[in-house]
Amino acid sequence: MSQILKSLKVPPNSASLEEARTRTFEFFRMCCRSIPHVMEIYNLHDVVSPSQLRYAAAAEVRKNANVTNPKVIDMLLFKGMEELMNIVNQSKQRHHIVGQYVVGNQGLVQDVSGKDRDASNFLKKFYSSNYS
């Protein structure tokens, strides 16, 4: 997989919005094809499934769906390609991948309902005031 990514070069600017759209789909397909390799090298099988990573990649692509300038789309594709190459070449560590693509923007969701049963009133107030 990394051999394929190493041979890729930055394409010239898109001539039209349709060409930029096609390149976006090609980039997304390349991301989806690299997911099994990424899961293997970062040992993510215990944390996330391939479909959840695919959903995270799709969410990153959809985040910029309202962009209509082909030059801006090309710049975003370049940044996305750079990010994918950094991930595949192991320039990032496992906790970077987990924090950015598994946990995401909603942060770490913790279930504290089981822990609060045995806590004192002081600790319950402390947790609610400092961590809410």
Side-chain angles (χ1 to χ4, degrees):
M1 177 55 69
S2 63
Q3 300 299 334
I4 295 170
L5 291 176
K6 286 180 183 177
S7 66
L8 289 175
K9 295 183 179 178
V10 178
N13 290 338
S14 299
S16 66
L17 185 61
E18 188 60 36
E19 185 179 351
R21 184 175 182 263
T22 303
R23 288 184 182 175
T24 304
F25 287 138
E26 289 173 5
F27 170 71
F28 178 69
R29 285 186 198 106
M30 190 180 343
C31 289
C32 289
R33 288 183 191 125
S34 66
I35 286 176
H37 181 66
V38 169
M39 291 201 56
E40 189 66 32
I41 61 176
Y42 287 104
N43 195 18
L44 296 174
H45 297 288
D46 59 335
V47 179
V48 68
S49 69
S51 62
Q52 289 171 325
L53 275 182
R54 200 173 308 113
Y55 179 78
E60 289 292 322
V61 171
R62 286 189 191 113
K63 185 168 59 173
N64 299 308
N66 59 348
V67 178
T68 57
N69 187 347
K71 290 184 180 182
V72 175
I73 294 173
D74 288 339
M75 186 263 316
L76 290 170
L77 286 174
F78 178 76
K79 289 174 74 174
M81 182 66 71
E82 185 179 25
E83 178 76 13
L84 181 62
M85 287 173 60
N86 284 340
I87 291 171
V88 171
N89 292 335
Q90 291 183 318
S91 297
K92 292 189 171 214
Q93 294 181 0
R94 184 176 190 257
H95 67 276
H96 295 137
I97 305 300
V98 171
Q100 189 171 1
Y101 299 106
V102 176
V103 175
N105 294 333
Q106 71 261 24
L108 185 61
V109 179
Q110 296 179 349
D111 183 23
V112 293
S113 60
K115 295 179 183 178
D116 284 346
R117 283 183 275 172
D118 298 334
S120 66
N121 286 335
F122 170 76
L123 286 178
K124 287 180 186 178
K125 290 178 187 176
F126 178 77
Y127 290 148
S128 66
S129 65
N130 290 329
Y131 297 110
S132 295

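Values below: all heavy atoms of this structure, side chains included; hydrogens, waters and symmetry mates excluded. Predicted model only: the values in this text are computed from it and were never measured.
Listed by first then second residue, pairs satisfying side chain to side chain donor-acceptor pair (under 3.5 Å) with a partner in residues 64-75 read Ser14-Asp74, not counting sequence neighbours. Under the salt bridge (charged side-chain N to carboxylate O under 4.0 Å, His left out) criterion, the residue pairs touching residues 44-59 are Asp46-Arg94, with sequence neighbours excluded.
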Scan the side chains in residues 79-87 for donor-acceptor partners under 3.5 Å anywhere in the protein, sequence neighbours excluded, and list what turns up.
{"residue": "Glu83", "atom": "OE2", "partner": "Lys92", "partner atom": "NZ", "Å": "2.6"}
{"residue": "Glu83", "atom": "OE2", "partner": "Tyr101", "partner atom": "OH", "Å": "2.9"}
{"residue": "Asn86", "atom": "ND2", "partner": "Glu82", "partner atom": "O", "Å": "3.4"}

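Members clustered with Val61: Phe28, by chain and number, using a 4.5 Å side-chain heavy-atom cutoff among hydrophobic residues.
Listed by chain and residue number, Arg21, Arg29 satisfy the side-chain contact (heavy atoms from CB on, under 4.5 Å) test with Phe25 (two or more places apart in sequence, or in another chain). Listed by chain and residue number, Ser49 satisfy the side chain to side chain donor-acceptor pair (under 3.5 Å) test with Ser51 (two or more places apart in sequence, or in another chain).
Remark: Glu60 engages Lys63 in a salt bridge, criterion side-chain N to carboxylate O under 4.0 Å.
Annotation: the span from Tyr42 atom OH to Ile97 atom CD1 amounts to 4.5 Å, rounded to 0.5 Å. One finds the CZ atom of Arg23 at 13.5 Å from the CG atom of Leu76 (value rounded to the nearest 0.5 Å).
Hydrophobic cluster membership differs between Met39 and Tyr55, with clusters built from Ile, Leu, Val, Met, Phe, Trp and Tyr side chains linked at under 4.5 angstrom.
Ser34 and Val88 get closest at one heavy-atom pair: CB-CG2, 4.3 Å.
Other residues, nucleotides and ligands contribute over 12 non-hydrogen atoms within 6.0 Å of the CD atom of Gln90.
A donor-acceptor pair under 3.5 Å links the side-chain atoms of Glu19 to the main chain of Ala15, judged by distance alone.
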